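Because the structure is predicted, anything quoted here is derived from the model rather than measured.
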Amino acid sequence: MNFTTAFAAPEYALSHWLPPGLVHAALGTCRGLRPSPTTAHPAWNGLLAALGLATARPRKHPLPQVHLVEVRLTTAEHALLATVAGLVPELAHVLREEQ
(Lines give C-alpha, C1' and ligand atoms only; values in the text may rest on other atoms or scores of the structure.)
Protein backbone atom coordinates (compact mmCIF):
# COMPACT_ATOMS: atom_id res chain seq x y z
CA MET A 1 0.00 0.00 0.00
CA ASN A 2 1.43 3.33 -0.97
CA PHE A 3 1.33 6.52 1.11
CA THR A 4 -1.49 8.15 -0.89
CA THR A 5 -3.77 5.13 -0.65
CA ALA A 6 -3.30 4.88 3.11
CA PHE A 7 -4.43 8.43 3.71
CA ALA A 8 -7.21 8.45 1.15
CA ALA A 9 -8.91 5.29 2.45
CA PRO A 10 -11.87 5.99 4.77
CA GLU A 11 -10.79 3.51 7.46
CA TYR A 12 -7.62 5.43 8.33
CA ALA A 13 -7.88 8.11 11.01
CA LEU A 14 -6.21 11.45 10.42
CA SER A 15 -5.25 13.93 13.12
CA HIS A 16 -7.17 17.18 13.35
CA TRP A 17 -6.00 19.80 15.88
CA LEU A 18 -8.93 21.73 17.30
CA PRO A 19 -9.51 24.03 20.29
CA PRO A 20 -10.66 22.00 23.34
CA GLY A 21 -13.77 24.15 23.90
CA LEU A 22 -14.83 23.58 20.32
CA VAL A 23 -14.38 19.81 20.66
CA HIS A 24 -16.47 19.83 23.84
CA ALA A 25 -19.19 21.90 22.17
CA ALA A 26 -19.23 19.61 19.12
CA LEU A 27 -19.57 16.54 21.36
CA GLY A 28 -22.45 18.08 23.30
CA THR A 29 -24.22 19.07 20.10
CA CYS A 30 -23.75 15.66 18.51
CA ARG A 31 -25.01 13.87 21.61
CA GLY A 32 -28.11 16.06 21.68
CA LEU A 33 -29.20 15.41 18.09
CA ARG A 34 -32.43 13.53 17.56
CA PRO A 35 -32.42 10.41 15.35
CA SER A 36 -31.95 11.35 11.71
CA PRO A 37 -30.20 10.03 8.60
CA THR A 38 -27.01 11.67 9.88
CA THR A 39 -27.12 9.92 13.25
CA ALA A 40 -28.00 6.63 11.52
CA HIS A 41 -24.78 6.74 9.48
CA PRO A 42 -22.43 3.81 10.26
CA ALA A 43 -19.62 6.22 11.21
CA TRP A 44 -21.75 8.20 13.70
CA ASN A 45 -20.72 6.17 16.75
CA GLY A 46 -17.07 6.50 15.70
CA LEU A 47 -17.45 10.28 15.56
CA LEU A 48 -18.98 10.36 19.04
CA ALA A 49 -16.20 8.11 20.33
CA ALA A 50 -13.45 10.24 18.78
CA LEU A 51 -14.90 13.47 20.19
CA GLY A 52 -15.45 11.83 23.58
CA LEU A 53 -11.90 10.52 23.69
CA ALA A 54 -10.48 13.91 22.74
CA THR A 55 -12.55 15.47 25.54
CA ALA A 56 -11.87 12.86 28.24
CA ARG A 57 -8.20 12.18 27.50
CA PRO A 58 -6.91 15.10 25.45
CA ARG A 59 -3.61 14.81 23.64
CA LYS A 60 -2.29 18.35 23.64
CA HIS A 61 -0.36 19.93 20.80
CA PRO A 62 3.43 19.40 21.08
CA LEU A 63 4.08 23.15 21.14
CA PRO A 64 3.22 24.43 24.65
CA GLN A 65 1.97 27.82 23.47
CA VAL A 66 -0.57 26.21 21.10
CA HIS A 67 -3.81 25.34 22.91
CA LEU A 68 -5.24 22.62 20.69
CA VAL A 69 -6.15 18.96 21.22
CA GLU A 70 -5.88 16.11 18.76
CA VAL A 71 -9.04 14.57 17.36
CA ARG A 72 -8.43 11.50 15.19
CA LEU A 73 -11.19 11.14 12.58
CA THR A 74 -11.69 8.91 9.57
CA THR A 75 -12.80 10.51 6.31
CA ALA A 76 -16.41 9.45 6.96
CA GLU A 77 -16.36 10.82 10.53
CA HIS A 78 -14.88 14.11 9.32
CA ALA A 79 -17.64 14.38 6.70
CA LEU A 80 -20.29 13.80 9.39
CA LEU A 81 -18.69 16.45 11.61
CA ALA A 82 -18.81 18.86 8.67
CA THR A 83 -22.55 18.20 8.25
CA VAL A 84 -23.28 19.26 11.84
CA ALA A 85 -20.73 22.09 11.83
CA GLY A 86 -23.44 24.69 11.31
CA LEU A 87 -24.89 23.86 14.73
CA VAL A 88 -21.66 24.75 16.54
CA PRO A 89 -20.41 28.34 16.27
CA GLU A 90 -16.92 28.56 14.79
CA LEU A 91 -16.70 24.84 13.89
CA ALA A 92 -17.58 25.38 10.23
CA HIS A 93 -14.99 28.16 10.03
CA VAL A 94 -12.28 25.99 11.62
CA LEU A 95 -13.04 23.05 9.35
CA ARG A 96 -12.88 25.29 6.25
CA GLU A 97 -9.51 26.69 7.37
CA GLU A 98 -8.21 23.18 7.90
CA GLN A 99 -8.78 22.24 4.26
Side-chain angles (χ1 to χ4, degrees):
M1 178 182 307
N2 66 31
F3 182 78
T4 306
T5 303
F7 287 100
E11 65 271 9
Y12 289 93
L14 300 176
S15 293
H16 301 275
W17 294 95
L18 301 171
L22 197 55
V23 173
H24 185 68
L27 177 61
T29 300
C30 289
R31 281 186 178 159
L33 290 178
R34 297 207 180 272
S36 68
T38 301
T39 61
H41 192 281
W44 184 254
N45 288 335
L47 173 61
L48 290 177
L51 292 172
L53 184 62
T55 302
R57 300 187 73 190
R59 180 169 178 257
K60 297 184 189 238
H61 197 277
L63 297 174
Q65 67 272 22
V66 178
H67 301 290
L68 300 174
V69 294
E70 181 183 31
V71 181
R72 296 185 56 79
L73 300 172
T74 64
T75 305
E77 293 163 357
H78 188 271
L80 284 174
L81 184 60
T83 63
V84 298
L87 301 174
V88 180
E90 291 295 313
L91 183 57
H93 176 69
V94 169
L95 292 177
R96 270 195 306 272
E97 281 183 358
E98 198 174 70
Q99 294 175 351

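- Only one option out of V94, V71, L27 pairs with L22 in a side-chain contact (heavy atoms from CB on, under 4.5 Å); it is V94.
- Between C30 and L47, the shortest heavy-atom distance links the atoms SG-CD2, 4.3 Å.
- Remark: R59 pairs with E70 by the salt bridge (Lys or Arg N to Asp or Glu O under 4.0 Å) rule, at least two apart or across chains.
- Between L95 and H78 the shortest side-chain heavy-atom distance falls below 4.5 Å.
- Sequence neighbours left out, the pairs with a member in residues 55-75 that pass ring-ring contact (aromatic ring centres under 6.0 Å, His included) are W17-H61.
- Taking the side chain to side chain contact (heavy atoms under 4.5 Å, CB included) definition, one finds that T38 meets it with S36, W44, L80, T83, V84, sequence neighbours left out.
- P19 is listed as a side-chain neighbour of L68, based on a closest heavy-atom distance under 4.5 Å.
- Listed here is the closest heavy atom pair of L91 and A26: CD2-CB, 4.1 Å.
- Minimum heavy-atom separation, V69 to A54: CG2-O, 4.4 Å.
- Linking ILVMFWY side-chain heavy atoms closer than 4.5 Å, directly or via other members, places L48 and L81 in a single hydrophobic cluster.
- Counting heavy atoms of neighbouring residues, nucleotides and ligands inside a 6.0 Å radius, atom NE2 of H41 exceeds 12 of them.
- L33 places a side-chain heavy atom less than 4.5 Å from the side chain of L87.
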